[in-house]
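Chain A is the first sequence line, chain B the second, and so forth, proteins listed ahead of strands; every chain is numbered from 1.
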Amino acid sequence: MKSEPKVYSIEDLQRENTTLWDGVRNYQARNYLKQMHIGDIAFFYHSNCQNIGIIGLMKIIETNVIDRTQFDVNSPYFDIKATINNPRWHTVTVQFKEKFNKVISLNTLKEQFTAEELLVVKKGNRLSVMPIPEKTAQKIILMGNH
DNA sequence: GCCAACGTTGGC
DNA sequence: GCCAACGTTGGC
């Protein structure tokens, strides 16, 4: 799960402990959010910044939550086509789990994994939420703990 | 700041 | 339903 640290960083999550992952406005990313289960582990990725890469771990603690920013005319995530009775955007609540000592940089990820093993290294990929195969996930967790 | 990649919109 | 135009993402 990607976030620009200028907007919301892992330090913000560490401080708040939990947060609603709102503002996703891409159908494919939303569909991946819908597939998440309580207890799932997610990787926090800092994008569009000095130090791009995976910076830590989160846990999914609530699923299928309505993203209320879609109804808020003052929110940058307002969606005029969404209604209370027919909301378009659902998301998850995440909980801070772990911050890595050192970011696992995009370059390192590209060296270690193919696009099939890890979608985020695929050229042109712009999804902010994407699945990671179990085997890849285990390897990244090990890398993060070193 | 640039721009490739890609998603969305809307005219036809 | 096609596709040009436009907007956004995000690495560099």
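- Contact annotation: A/K2 does not reach the phosphate of C/dT9 (side-chain N/O to OP1 or OP2, under 4.0 Å).
- Taking the six-membered ring for Trp and thresholds of 30 and 60 degrees, A/F44 and A/W21 have ring planes more than 60 degrees apart, a perpendicular arrangement.
- Between the CE atom of A/M1 and the P atom of C/dG10 there is a distance of 13 Å, given to the nearest Å.
- Contacts with DNA chain B (heavy atom under 4.0 Å) in residues 22-29 of chain A: A/N26, A/Y27, listed by number.
- Looking at heavy atoms from C-beta onward, A/T69 lies in side-chain contact with A/R25 at the 4.5 angstrom threshold.
- Of the candidates A/V129, A/I55, A/I10, A/I52, A/I52 is the only one forming a side-chain contact (heavy atoms from CB on, under 4.5 Å) with A/Y45.
- Atom C1' of nucleotide C/dG11 and atom CD1 of A/I52 are separated by 5 Å, given to the nearest angstrom.
- With A/K2 contributing its side chain and A/L127 its backbone, the two residues share a donor-acceptor pair below 3.5 Å.
- When all heavy atoms of A/K6 and A/N48 are compared, the closest pair comes out as CE-O, 4.4 Å.
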Using atom names, set out every protein N or O paired with an N or O of nucleotides 3-5 of chain C below 3.5 Å, distance rounded to 0.1 Å.
none

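- Taking atom CG of A/D79 as the reference point, atom P of B/dG7 lies 18 Å away to the nearest angstrom.
- Contact record, A/T19 with A/E16: OG1-OE1, 4.0 Å, taken as the closest heavy-atom pair.
- Put simply, CG on A/L119 is 16 Å from C1' on C/dG10, counting in whole angstrom units.
- Atom-to-atom, CE of A/M130 to P of B/dC6 comes out at 13 Å; the value is rounded to the nearest Å.
- Other residues, nucleotides and ligands contribute only 12 or fewer heavy atoms inside 6.0 Å of the CD1 atom of A/I80.
- For the pair A/N31 CG and B/dG7 C1', the computed distance is 14 Å after rounding to whole Å.
- Spacing between atom OH of A/Y8 and atom P of C/dG10 amounts to 18 Å, rounded to whole angstrom units.
- For DNA chain C, the neighbouring residues in residues 105-114 of chain A, judged by any heavy atom under 4.0 Å, are A/L106, A/K110.
- Annotation: A/R68, atom CZ; neighbour count of heavy atoms from other residues, nucleotides and ligands within 6.0 Å does not exceed 12.
- Residue A/R126 contributes atom CZ, which lies 12 Å from atom P of C/dG11 at whole-angstrom precision.
- Sequence order on DNA chain B of the closest nucleotides to A/N48 and A/K123 puts A/N48 first from the 5' end.
- The backbone N or O of A/D67 sits nowhere less than 3.5 Å from a side-chain atom of A/T91 that would complete a donor-acceptor pair.
- Of the possible polar contacts, none joining the A/N86 side chain to the A/T83 backbone as a donor-acceptor pair under 3.5 Å is found.
- Here the side chain of A/Q70 pairs a donor or acceptor atom with the backbone of A/W89 at under 3.5 angstrom.
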